[in-house]
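Just so it is clear, the model here is predicted, and its values are computed rather than measured. Chain letters run A, B, ... following the sequence lines, proteins first, then strands; residues in each count from 1.
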Amino acid sequence: MPELPEVEATRRHLEPVVVGRVIESADVRRERMTRRHENLRDFADRVAGRRVESLGRRGKFLLGLLEGDITWVTHLGMSGRLAVARPGEVEAPHTNVVIRLSGGYEVRMVDPRTFGFMAAWTPAEMDEQFGGRIGRDALDDLPTTAELAGSLGGRTAPIKALLLDQRVVSGLGNIYADEILHRAKIRPDRPGGSLTRAEIGALRAAVRPVLEAGLRHGGTSLGDLAYMLPDGRAGEYLHRLAAYGREGEACRRCGGIIERVVIRSRSSHWCRGCQT
DNA sequence: AACGATCCCTGTTGGC
DNA sequence: TGCCAACAGGGATCGT
């Protein structure tokens, strides 16, 4: 499932391939993939002919800065991945967008469920799309404990829902939110405003180690549908998860049984033994 | 403003 | 065995 570590792993694989190269053309096979543009041709027209100056990331968004102040934005949704290939190589099913680069490379976006998208935005459009909607990055720009306390104070929504709210912190999804809460020993259904300063500190302290562990192991791959690295390898973090997907299994820390509950229509996994 | 529900989409899974 | 409903989930949007 592409969350921050998977997007960052993708960014690191792609960076040496795309930076400095020119986008010769973009082939959008499924119009839904560029649905954030009102005019369907806008995406391909805007990226064509521009050199990629850098490849960055904010939360789960991959941001290619193109010459002429256009940002090539990719969000992988829940089933998207990017693959690097040579023209003519066999395409994976659900190859929905192909970006052709100078030097004989292609970046292919494969996304069966089409929750992901690509866009090409001007600086004004970037402000419009990100301003107020996408918060500070959970890895590179994590808010301080005091700042988090400000975001959580008075909130009645469950802390799990607040961690998934990209305005609070950007980059966390269902898997890593469960892992972070487990590491911090906090129940997912606790109202955000009920957390003590010490608990918020523990929560903050859990974010980086969990995300870095995910990144170190190449991300989390669930079955053959989901996330893969651009070189086709599956991430290995699935086997190291402490909470997510381990319903009924023993907690690795205290031996308690991991439970699954539904919060905001999302499954949450937690240990009654050590998360309070 | 905050919160919760609903929708989009399709491969996989589980029940009958 | 085969069919079909349920499920998974990020983010936009809408109603309360």
Side-chain angles (χ1 to χ4, degrees), chain A residues 1-8 10 28-38 57-63 73-82 92-97 109-119 121 125-126 128-135 137-138 150-181 188-195 211 214 219-228 234-235 237-238 241 243-248 260-269:
Chain A
M1 215 63 62
E3 302 181 27
L4 189 154
E6 291 75 25
V7 177
E8 177 61 17
T10 299
V28 180
R29 280 82 177 281
R30 282 194 68 163
E31 293 180 348
R32 181 174 149 75
M33 300 307 289
T34 53
R35 63 190 175 281
R36 300 280 284 265
H37 286 281
E38 286 177 31
R57 181 189 58 73
R58 177 152 164 202
K60 304 173 197 171
F61 292 83
L62 205 52
L63 304 173
V73 179
T74 302
H75 195 293
L76 298 174
M78 73 173 284
S79 63
R81 65 177 202 265
L82 295 178
H94 306 291
T95 297
N96 297 337
V97 182
M109 184 166 184
V110 178
D111 186 5
R113 296 182 193 178
T114 68
F115 278 26
F117 67 88
M118 276 193 186
W121 285 327
E125 288 167 337
M126 286 296 289
E128 205 175 297
Q129 295 290 333
F130 282 77
R133 211 182 300 185
I134 304 299
D137 187 79
S151 302
L152 303 180
R155 304 290 296 269
T156 61
I159 184 62
K160 169 66 181 287
L162 295 172
L163 289 181
L164 293 180
D165 184 339
Q166 304 297 300
R167 292 170 296 189
V168 175
V169 152
S170 68
L172 305 182
N174 208 35
I175 297 175
Y176 291 96
D178 278 3
E179 295 301 303
I180 287 164
L181 287 167
D189 58 354
R190 289 271 303 281
S194 77
L195 269 62
L211 295 178
T220 306
S221 298
L222 284 178
D224 59 316
L225 212 208
Y227 168 80
M228 258 189 285
Y237 194 57
L238 176 68
L241 296 176
Y244 184 85
R246 300 191 69 239
E247 182 182 10
R260 189 182 86 95
V261 295
V262 174
I263 297 173
R264 291 279 237 277
S265 325
R266 300 283 184 265
S267 62
S268 291
H269 307 74

Can you tell me if the side-chain N/O atoms of [X] get under 4.0 Å from OP1 or OP2 in [N]?
X: A:Arg36; N: C:dG11; result: no
X: A:His94; N: B:dC9; result: no
X: A:Thr156; N: B:dC3; result: yes
X: A:Tyr244; N: C:dA8; result: no
X: A:Arg32; N: B:dC9; result: yes

Between [atom2] on [N] and [atom1] on [X], what's the gap in Å once rounded to a whole number?
X: A:Gln166; N: B:dC3; atom1: CD; atom2: C1'; answer: 17 Å
X: A:Leu162; N: B:dA2; atom1: CG; atom2: P; answer: 10 Å
X: A:Phe117; N: B:dC9; atom1: CZ; atom2: P; answer: 15 Å
X: A:Lys160; N: B:dC3; atom1: NZ; atom2: C1'; answer: 17 Å
X: A:Phe115; N: C:dT13; atom1: CZ; atom2: P; answer: 14 Å
X: A:Glu3; N: C:dA8; atom1: CD; atom2: P; answer: 15 Å
X: A:Arg81; N: C:dG10; atom1: CZ; atom2: P; answer: 18 Å

Fill in: CZ (A:Arg32) with more than 12 external heavy atoms under 6.0 Å
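Count over threshold, so yes.
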
Worksheet entry | Residues A:Asp111 and A:Arg30 bridged, charged N to O under 4.0 Å | no

Practice prompt. Determine the contact category for A:Ser265: base if any of its heavy atoms lies under 4.0 Å from a base atom, sugar-phosphate if only primed atoms, P, OP1 or OP2 are that close, otherwise nothing.
Written response: base

Item to complete: For A:Arg167, answer base if it contacts any base atom (sugar-phosphate contacts may also be present), sugar-phosphate if it contacts only those atoms, and nothing otherwise; contact means non-hydrogen atoms under 4.0 Å.
Response: nothing

Worksheet item: C:dG11 base to A:Arg133 side chain: any donor-acceptor pair below 3.5 Å?
Response: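 Under the 3.5 Å cut-off, the side chain and the base do not form any donor-acceptor pair.
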
Worksheet item: Do A:Arg155 and B:dA2 share a donor-acceptor pair, side chain to base, under 3.5 Å?
Response: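 When only heavy-atom distances are counted, A:Arg155 does not reach the base of B:dA2 through any donor-acceptor pair under 3.5 Å.
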
Worksheet item: Any sub-3.5 Å donor-acceptor pair from A:Gln166's side-chain atoms to A:Leu172's backbone N or O?
Response: yes

